[in-house]
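The figures here come from the full heavy-atom set of this structure, side chains too, leaving out hydrogens, waters and symmetry mates. From a predicted model like this one, the values you see are computed outputs, not experimental measurements.
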Amino acid sequence: MSLAVGAVSSSNNMVDEKREEGENSNVAVGAAEPANLQEEQRTSRYVTVSETDEEDDDDREQDIQLGPQYTLKEQIEKDKDDESLRKWKEQLLGSVDFDNIGETLEPEVRILSLSIVAPGRNDIVLAVPEDGKPTGNWFTLKEGSKYSLKFTFEVSNNIVSGLKYTNTVWKAGIKVDSAKQMLGTFSPQPEPYIHEMPEETTPSGMFARGSYSARTKFLDDDNKCYLEINYSFDIRKEWAAV
């Protein structure tokens, strides 16, 4: 009897020990799995970000749900009885001509001019075609030279939020560069805005010289495109003769 009880007790102890070992094993496995899962998620996110081009970024931005929009006149009229709030809005909007603002919900942005600015040289003023497709070679850059892009634009009808500039460059059909620059939020005003991009340096060397194709876009927070330019340019040993 005592041996049987002892055997059963021992057996129960062995079962309990195995159960505890199994539980400990499960705990260990359970603790390792989230770490592996997290590592896989980090790797997946890294791959997704590194391999996604600007079109996918624009698609993700379209998923953002914004609040209701108001015309500029509606925004001003909403709090016209609150003197302090009205003055704050006028200060925020700057030089808006309140007598001539429209009742259009959508802002309007017109890119008036594009120029290439290089130290010690006259600005290269680029004509902006209405269809966004310059004919032939649009401009030539000297290899290894510093330059920046300057453009003027006007805003009318309403505030444009999150205006940004994107540029993608290809050589022989292979994407070699992609850039995105946030310009800011702008209110309508009579005078055009002037914005100059950060200075860049053109690549140099035998493999850098040649012809390139590019696409430039000006978009806002709603992914509305105000101008898309598809063009070609060259990088040469010297600047093009003026």
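- The minimum heavy-atom distance between S232 and G136, with the atom names listed, is OG-O, 3.2 Å.
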task: Evaluate the criterion side chain to side chain contact (heavy atoms under 4.5 Å, CB included) for residue pair I229 and I111; output intermediate values, then yes/no.
output: CA-CA 11 Å; I229 309 176; I111 310 301; over 6 Å; no

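- With sequence neighbours excluded, the residues that form a salt bridge (Lys or Arg N to Asp or Glu O under 4.0 Å) with E143 are R209.
- Interatomic distance, CG of N167 versus CG of D177, reported as 7.0 Å (0.5 Å rounding).
- Taking E228 as the reference, N230 meet the side-chain hydrogen bond (donor to acceptor under 3.5 Å, both in side chains) condition, with sequence neighbours excluded.
- V160 and I194 are members of different hydrophobic clusters when ILVMFWY side chains are connected at heavy-atom separations under 4.5 Å.
- Under a cut-off of 6.0 angstrom, the local environment of NZ in K224 is crowded, with over 12 non-hydrogen atoms contributed by other residues, nucleotides or ligands.
- In this structure, SG on C225 lies 4.5 Å from CG on L219, to the nearest 0.5 angstrom.
- Aromatic rings from F153 and Y226 are positioned such that their centres are separated by 6.0 Å or more.
- For S213, the side-chain hydrogen bond (donor to acceptor under 3.5 Å, both in side chains) criterion is met by no residue, not counting sequence neighbours.
- Cluster partners of L112, using a side-chain heavy-atom cutoff of under 4.5 Å among ILVMFWY residues and allowing indirect links: none.
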Would you list the atom pairs, donor with acceptor, under 3.5 Å between side chains in residues 120-128 and any protein atom, with sequence neighbours excluded?
{"residue": "D123", "atom": "OD2", "partner": "K150", "partner atom": "NZ", "Å": "3.4"}

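- Among residues two or more places apart in sequence or in another chain, the side-chain hydrogen bond (donor to acceptor under 3.5 Å, both in side chains) test is passed with S115 by none.
- For K133, the side-chain contact (heavy atoms from CB on, under 4.5 Å) criterion is met by D131, not counting sequence neighbours.
- Remark: E196 pairs with S148 by the side-chain hydrogen bond (donor to acceptor under 3.5 Å, both in side chains) rule, at least two apart or across chains.
- Cluster annotation: L114 and Y212 are assigned to the same hydrophobic cluster (Ile/Leu/Val/Met/Phe/Trp/Tyr, side-chain heavy-atom contacts under 4.5 Å, transitive).
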Enumerate, atom names and distances included, each donor-acceptor pair closer than 3.5 Å involving a side-chain atom of residues 197-207, sequence neighbours excluded.
{"residue": "T202", "atom": "OG1", "partner": "K142", "partner atom": "O", "Å": "2.6"}
{"residue": "T202", "atom": "OG1", "partner": "G144", "partner atom": "N", "Å": "2.8"}
{"residue": "T202", "atom": "OG1", "partner": "S145", "partner atom": "N", "Å": "3.0"}
{"residue": "T202", "atom": "OG1", "partner": "S145", "partner atom": "O", "Å": "3.4"}
{"residue": "T202", "atom": "OG1", "partner": "S145", "partner atom": "OG", "Å": "3.4"}

query: Could you walk me through whether K164 and N223 pass the side chain to side chain contact (heavy atoms under 4.5 Å, CB included) check?
result: CA-CA 9 Å; K164 61 179 177 286; N223 222 33; 4.3 Å; yes

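- Inter-residue side-chain proximity for I116 and L141 is flagged as met; some heavy-atom pair is nearer than 4.5 Å.
- Contacts classified as ring-ring contact (aromatic ring centres under 6.0 Å, His included) and involving residues 117-144 (residues at least two apart or in different chains) are given here: W138-Y231, F139-Y231, F139-F233.
- Counting only heavy atoms from C-beta outward, the side chains of F151 and L183 approach each other to under 4.5 Å.
- Across every non-hydrogen atom of R215 and W170, the tightest pair is NH1-CH2, 3.6 Å.
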List the atom pairs, donor and acceptor, that lie under 3.5 Å between side-chain atoms in residues 234-242 and the rest of the protein, sequence neighbours left out.
{"residue": "D234", "atom": "OD1", "partner": "S211", "partner atom": "OG", "Å": "2.8"}
{"residue": "D234", "atom": "OD2", "partner": "R236", "partner atom": "NH2", "Å": "3.2"}

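- Residues satisfying the ring-ring contact (aromatic ring centres under 6.0 Å, His included) test with Y165, not counting sequence neighbours, are F218.
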